Each structure stands twice: as structure tokens, then as C-alpha cells.
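As C-alpha cells, the structure follows; a few thoughts come after it.
Since this is a predicted model, take the numbers as computed values, not measurements. Just follow the structure's listing: the first ligand is 1, and inside any ligand the first atom is 1.
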Amino acid sequence: MTLHYYEALARPAQPRGCVLVTGSNRGIGLELVRQLAASPWPPHHIFATCRHPEGPRGKALRDLAAQHPSIKLVQLDTVNVPSIQGAVRAVDSHLKDQGLNLLINNAGVSSHATLHSLDSQEMLSVFATNVVGTLQVTKVRVELLAKGAGKEGLSCSRAAVINVSTKLGSIGLCLGVLQAPMYPYRASKAAQNMVTRCLAVELQEKGILCAAIHPGWVKTDMGTEEAPLMVEHSVRGILTVLASLSQDTSGTFLDWEGNSLPW
Ligand code: NDP
């Protein structure tokens, strides 16, 4: 039987869990927070982080947080070191001695560029968010995740880092290069995938699961209206896949339906 993530969290003797999501003011991140909070057994704390929680871009998230006490809004720009440090302090003040169970590195930026139109600054900026930001946020939360880890094997309800990736970053697939020329985005997600593989190896001994997930082509600002998949559907799939992850699937690249993808 397939368990949804929040059903897995509610297993007897499991803590109710604490989850942190980056880039949660819109798109897939917002829907992740919405579905986690609306579950019959919501995580104890959902740290819904975004760059501008107080501005107009944070309104949907603020409205959601007003309905769910489990949601804690935290300012976090994943490429800004003082912001990362401020988020660490804010999260720690809520958690006290509790560990963190799940970190979802969802924040990301896209960039369309052909070989001809490629701009080096733009490419570096995409790498800063999709690769460096993901790694920096993980780095400062590893010890907190290790605190949430148990001794009985790996799972997302104990301690996990999930990096939201894309099929477009798969070197093995090398999908539609000419139809979707996106050198910076594809290369950054391929690099992020390597980060996920390395983290899976290094963090295993701390009891932390790591995996990459492709959400499908989703109707969001990034995915555009052309995308075939509704965000609710994608996120329901992602959360179901997260509940199924274990020691055996740590270090893998899966899509929102649980299919394995080549790196
Ligand atoms: P959106 O463009 O709709 O949302 C992106 C989110 O990331 C926003 O909340 C944005 O915040 C945030 N963000 C960007 N840069 C930073 C930063 N430096 N610090 C913190 N937050 C940041 O994208 P999606 O929801 O569609 O995408 C989410 C993830 O899914 C991304 O990693 C993307 O690569 C991946 N993905 C999406 C697909 C799709 O079809 N939609 C397909 C495959 C993968 P702000 O509002 O402040 O800009």
C-alpha cells in the first residue's frame, strides 16, 4: 500500500515531524506547504520559507499561514548568507531541542538561453540559486537533520534532504535540447543532481536520506500555462513518493510518479 507523506509521518512512535520548504510563496513550494498543512496529521512545524514573506509576493503564503498554526513563515533567500543565518536562528527558536525531519530544497530559477544568446552573468546567477543555494541551505541544516534521524534506517519521516530537480537536467536523457535551449538551467540542475548524489553518500552515516525529484512539467510561473500537469496533482504525487523512500532509494532520481530517472 502506498502511504502519503503525512500518513507515514503519523506512524506510531514517529514524531509528528518538522519540515522546511524553500521557495514556498508560489508554485510547487506553496502547494507543498498547503498540502502538508491540510493533511489530517500535519507536521508539527512547517517552516515555509521565502525571500519576501512580508511583501506582495508573500501574500498567498501569509493567507495560508493564517489558517494553519503549524506554518511558520521564515525569510530565506538561499543565495544570501546573512539571510540563511537569520533563517537558522528563526527555525532554531521554534525547534528548541527538536530535530528537523525533512528539508525540501525547492527554490529554483529557470533560464532559457541558446549557445548564441548565453550570458555568463545570467548563467552564474542560475548556478548560484540552483546549485550553491541548495548546498548552502543543506550545509547549515545537516546537524539539525541528524538530530531528527533515528537508528532504524532512512526515511523522510526521520531525516531527509529532497532536492527538486528536473528531467531537463538529466545527462542520460538529454531531452529536447534543440526544442528547449536552456544551457544555464539544464547545466545547473545536472550540477544539483551531482550535489544530491554526493550528499546521499556523505550523509548516509548520519542517518539522512537524500534524493532528487522531478515534479513533472507543472503549471506554475516557471512551467507556464502550457504545462500539462496541475500543481495539486504533481505535489500529491511528490508527497506520496517521499513517503515511499527508504535506505534502498536514497541517492536516486525519481519523478513525481515514483519512476526512476537516469542521472
Ligand atoms: P516558480 O517560478 O513558480 O517558483 C520558484 C520559487 O523559487 C519561488 O517561490 C521563488 O521565490 C523561489 N526562489 C527563486 N530564487 C530564490 C532564492 N534565491 N531564494 C529563495 N527562493 C527563491 O517555480 P516552480 O514552483 O515551478 O518550481 C519549483 C522547483 O521545481 C524549481 O526548483 C524548479 O526548477 C523545479 N521544476 C519545475 C518544473 C515545472 O514545470 N514547473 C519542472 C521541473 C522542475 P520569488 O517569488 O521570491 O521569486
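Near Leu76, meaning under 4.0 Å from any of its heavy atoms, are these atoms of ligand 1: 19 (N), 20 (C). Close contacts between ligand 1 and Val164 involve ligand atoms 29 (C), 30 (O), 32 (O), 35 (C) [criterion: under 4.0 Å to a heavy atom]. The distance from ligand 1 to the heavy atoms of Gly27 drops below 4.0 Å at these ligand atoms: 3 (O), 25 (O). Atoms of ligand 1 lying under 4.0 Å from any heavy atom of Asp221, numbered from 1 in the order shown and given with element: 3 (O). Within ligand 1, counting atoms from 1 as listed, the ones closer than 4.0 Å to a heavy atom of Thr166 are 43 (C), 44 (C).
For ligand 1, one of its N or O atoms has an N or O atom of Asn106 under 3.5 Å away. For ligand 1, the polar-atom distance check against Trp217 finds no nitrogen or oxygen pair separated by under 3.5 Å.
For residues 96-133, no pair satisfies ring-ring contact (aromatic ring centres under 6.0 Å, His included), with sequence neighbours left out.
A salt bridge between Glu226 and Lys219 is absent, with no side-chain N of the basic residue lying under 4.0 Å from a carboxylate O of the acidic one. Note on Arg34 versus Asp63: no salt bridge recorded, every NZ/NE/NH1/NH2 to OD/OE distance being 4.0 Å or above.
Shown here for Leu229 and Pro215, the closest heavy-atom pair between the two residues is CD2-O, 3.5 Å.
Contact annotation: Pro215 has at least one heavy atom less than 4.0 Å from an atom of ligand 1. At least one heavy atom of Ser165 sits less than 4.0 Å from an atom of ligand 1. Distances from ligand 1 to the non-hydrogen atoms of Lys189 include at least one value under 4.0 Å. Distances from ligand 1 to the non-hydrogen atoms of Thr22 include no value under 4.0 Å. Within the structure, the closest approach of Ser83 to ligand 1 does not fall below 4.0 Å when heavy atoms are considered.
Using bins of under 30°, 30° to 60° and over 60° for the plane-to-plane angle, the ring pair His94/Phe47 lands in the tilted bin.
Residue Ile28 touches ligand 1 through backbone and side chain together, judged by heavy-atom distances below 4.0 Å. Under 4.0 angstrom from ligand 1, the non-hydrogen atoms of Arg57 all belong to its side chain.
For atom 22 (C) of ligand 1, the closest heavy atom belonging to the protein is Ala107 CB, 3.5 Å. Scanning the protein heavy atoms around atom 47 (O) of ligand 1, the nearest turns out to be Arg51 NE, 2.9 Å. Scanning the protein for heavy atoms near atom 38 (C) of ligand 1, the closest one is Gly216 O, 3.8 Å. Looking only at protein heavy atoms, the nearest one to atom 9 (O) of ligand 1 is Asn25 OD1, 2.6 Å. For atom 2 (O) of ligand 1, the closest non-hydrogen atom of the protein is Arg26 NH1, 3.2 Å. The closest protein non-hydrogen atom to atom 23 (O) of ligand 1 is Met222 CB, 3.4 Å. For atom 40 (O) of ligand 1, the closest heavy atom belonging to the protein is Val218 N, 2.7 Å. Atom 41 (N) of ligand 1 has its closest protein heavy atom at Thr220 OG1, 3.1 Å.
Applying the 6.0 Å contact sphere to NZ of Lys72 captures more than 12 heavy atoms from other residues, nucleotides or ligands. Counting heavy-atom neighbours within 6.0 Å of His68 NE2, excluding the residue itself, gives a total above 12. A 6.0 Å sphere centred on CD of Glu202 holds no more than 12 heavy atoms belonging to other residues, nucleotides or ligands.
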>> Before you tell me yes or no, could you show the steps for Thr196 and Phe253 under side-chain contact (heavy atoms from CB on, under 4.5 Å), namely the whole-Å CA-CA distance, both residues' side-chain angles and the distance that decides it to 0.1 Å?
In response: CA-CA 9 Å; Thr196 307; Phe253 184 14; over 6 Å; no
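Grouping Ile, Leu, Val, Met, Phe, Trp and Tyr by side-chain contacts under 4.5 Å, direct or through others, puts Val109 with Val126.
Closest heavy-atom approach to atom 5 (C) of ligand 1 among the candidates Gly55, Gly108, Gly29, Ala87: Gly108. Selection from Asp255, Val132, Asp77 by nearest heavy atom to atom 18 (N) of ligand 1 gives Asp77. Of the candidates Asn163, Val109, Thr78, it is Thr78 that places a heavy atom closest to atom 17 (C) of ligand 1.
Under a 3.5 Å cut-off, the side chain of Arg186 and the backbone N or O of Ala180 do form a donor-acceptor pair.
In summary, the side chains of Asn106 and Ser24 do not present any donor paired with an acceptor at a separation below 3.5 Å, with no hydrogens or angles considered. In this model, no donor atom of one side chain and acceptor atom of the other lie less than 3.5 Å apart for Ser83 and Asp77. In this structure, a donor-acceptor pair under 3.5 Å is present between the side chains of His44 and Gln98.
At a threshold of 4.5 Å between non-hydrogen side-chain atoms, the residues Leu173 and Pro262 count as touching.
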